[in-house]
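Some notes on the structure that comes next.
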Amino acid sequence: MTPDHAHSERRPSDHRPSDHRPSDHRHGYQAGDDGFLDLLDLDADVLEDYWRASLDWVRLVAGDLDRPRVFDLGAGSGTGGLGLTLRFRDATLVAVDTSGPSLRRLREHADALGLRDRVTTIELDLDTNWPAVGPFDVTWASMSLHHLSDPTQVLRRVRDATRTAGIIAVAEFVEPVRFLREDIGVGRPGFEDRVMARLRRDHHERLPTLGSAWTPRLADAGWRVIDERDFLIDLNPPEHLDAGRYAEAWMGRLGQRLEDGLDTDDRHVLQVLLDPHDPRSLRRRTDLRIHGVRTVTLARND
Ligand SMILES: C[S@@+](CC[C@H](N)C(=O)[O-])C[C@H]1O[C@@H](n2cnc3c(N)ncnc32)[C@H](O)[C@@H]1O
């Protein structure tokens, strides 16, 4: 376990993934490498409306709290935890992740936001260690619980560390975001459908809780589920200047993981999509759309 404090200033809307631009998205991504962290920051930037709406909703339901302690579980580069900390007066944040580089990026963002003295980061594996980090008032767990081997046990521990009437928000996706139309003018129609089918099989094997309902797990862990909302992401066309780079970062990561399961034709399509010099690439094409649904489940510790 490695606790650390933040050291400079940043705002979520100031996230500039290009500061950390990776040289080649086709190389492998691990949680915490620059490519993965850029993807998280691009997610924050390009899907800004989703992030604002979901965090505003959590803030509204949590109500006015006196110097609340916010907990970000599997924080990544910290979009959610930092965004919530900014939404409360005098809130402090404890952000936990297995990845030291992610927490370093989070601290850079915290610095830029002027949250230097209000953020503590702890590098730990939630599946194994559980230091006395509470008490908490608001917990944000975004796209992280499905990585854990026993998420219900972790949810139970979070509840034990949560003050009475404190809340938890679990944000997950049923389907990852999608970017392409049926016919993209290269290869056979239906390329993204085939990649998604391959991805579903991969997830089924590696991350069996991904896409499952979180309400029963929260209830099993002793939480009272109070509300659940689907946030529709449908940017058609996406106006954000980094939409192409976001699509490239997603597809590059998927491609690296799934390439072996694609046939020769689809591997060629992937190559074209990831080649920034090709006019048909994700970075340069003009027919992108971004579509997906993220579900946020809110529960209270009564
Ligand atoms: C898909 S990212 C989501 C990051 C961030 N919550 C967001 O929504 O942008 C999942 C994060 O969970 C972290 N993670 C995965 N397994 C973990 C574990 N066992 N303990 C702590 N963190 C973990 C990863 O390092 C990664 O930063």
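Residues: numbered from 1 along the sequence shown. Order of appearance sets the numbers: ligands from 1, and atoms from 1 within every ligand.
Side chains of Asp43 and Trp51: a donor-acceptor N/O pair is present below 3.5 angstrom, by distance only. For the 3.5 Å distance criterion, the side chains of Arg156 and Gln153 qualify, holding a donor opposite an acceptor. Counted by atom type alone, Asp127 and Ser149 present one or more donor-acceptor pairs between their side chains at under 3.5 Å. Of the N and O atoms on the side chains of Thr295 and Glu172, not one donor lies less than 3.5 Å from an acceptor on the other residue. One side chain, Asp41 or Ser77, offers a donor N or O that lies under 3.5 Å from an acceptor on the other. Side-chain contact of Thr98 with Asp125: a donor-acceptor pair under 3.5 Å is absent, judged by distance alone.
Less than 4.0 angstrom separates some heavy atom of Leu124 from each of these atoms of ligand 1: 20 (N), 21 (C). Taking a cut-off of under 4.0 Å to the non-hydrogen atoms of Gly76, the atoms of ligand 1 that pass are 4 (C), 27 (O). Taking every heavy atom of Phe36 and a limit of under 4.0 angstrom, the matching atoms of ligand 1 come to 1 (C), 2 (S). For ligand 1 and Leu148, the ligand atoms under 4.0 Å from any heavy atom of the residue are 17 (C), 18 (C), 19 (N). Distances below 4.0 Å separate heavy atoms of Leu126 from the following atoms of ligand 1: 18 (C), 19 (N), 20 (N), 21 (C). Within ligand 1, the atoms closer than 4.0 Å to a non-hydrogen atom of Asp125 are 18 (C), 19 (N), 20 (N), numbered from 1 in the order shown. Within ligand 1, the atoms closer than 4.0 Å to a non-hydrogen atom of Met143 are 1 (C), 2 (S), 3 (C), 8 (O), 10 (C), numbered from 1 in the order shown.
In this structure, Leu73 does not count as a contact residue of ligand 1, since none of its heavy atoms falls inside 4.0 Å of the ligand. For Asp97, the heavy-atom gap to ligand 1 drops under 4.0 angstrom. Using a 4.0 Å heavy-atom cutoff, Thr98 is listed among the residues neighbouring ligand 1.
Counting non-hydrogen atoms of neighbouring residues, nucleotides and ligands closer than 6.0 angstrom, the CG atom of Asp234 exceeds 12 such neighbours. In the displayed structure, Arg188 atom CZ is contacted under 6.0 Å by more than 12 heavy atoms of other residues, nucleotides or ligands.
Counting heavy atoms closer than 4.0 Å to ligand 1, residue Trp140 contributes nothing at all. The part of Ala75 lying near ligand 1 is the backbone, judged by heavy-atom distances below 4.0 Å. Only the side chain of Trp51 comes within contact range of ligand 1, with a heavy atom under 4.0 Å; no backbone atom does. When heavy-atom distances to ligand 1 are checked against a 4.0 Å cut-off, Thr79 has no atom that comes that close, whether in backbone or side chain.
The closest non-hydrogen atom to atom 3 (C) of ligand 1, taken over Ser142, Ser144, Ala171, comes from Ser142.
Closest of all the heavy-atom pairs between Asp97 and Ala75 is OD2-N, 3.2 Å.
Classified by interplanar angle (parallel below 30°, tilted 30° to 60°, perpendicular above 60°), the ring pair Phe231/Tyr50 is perpendicular.
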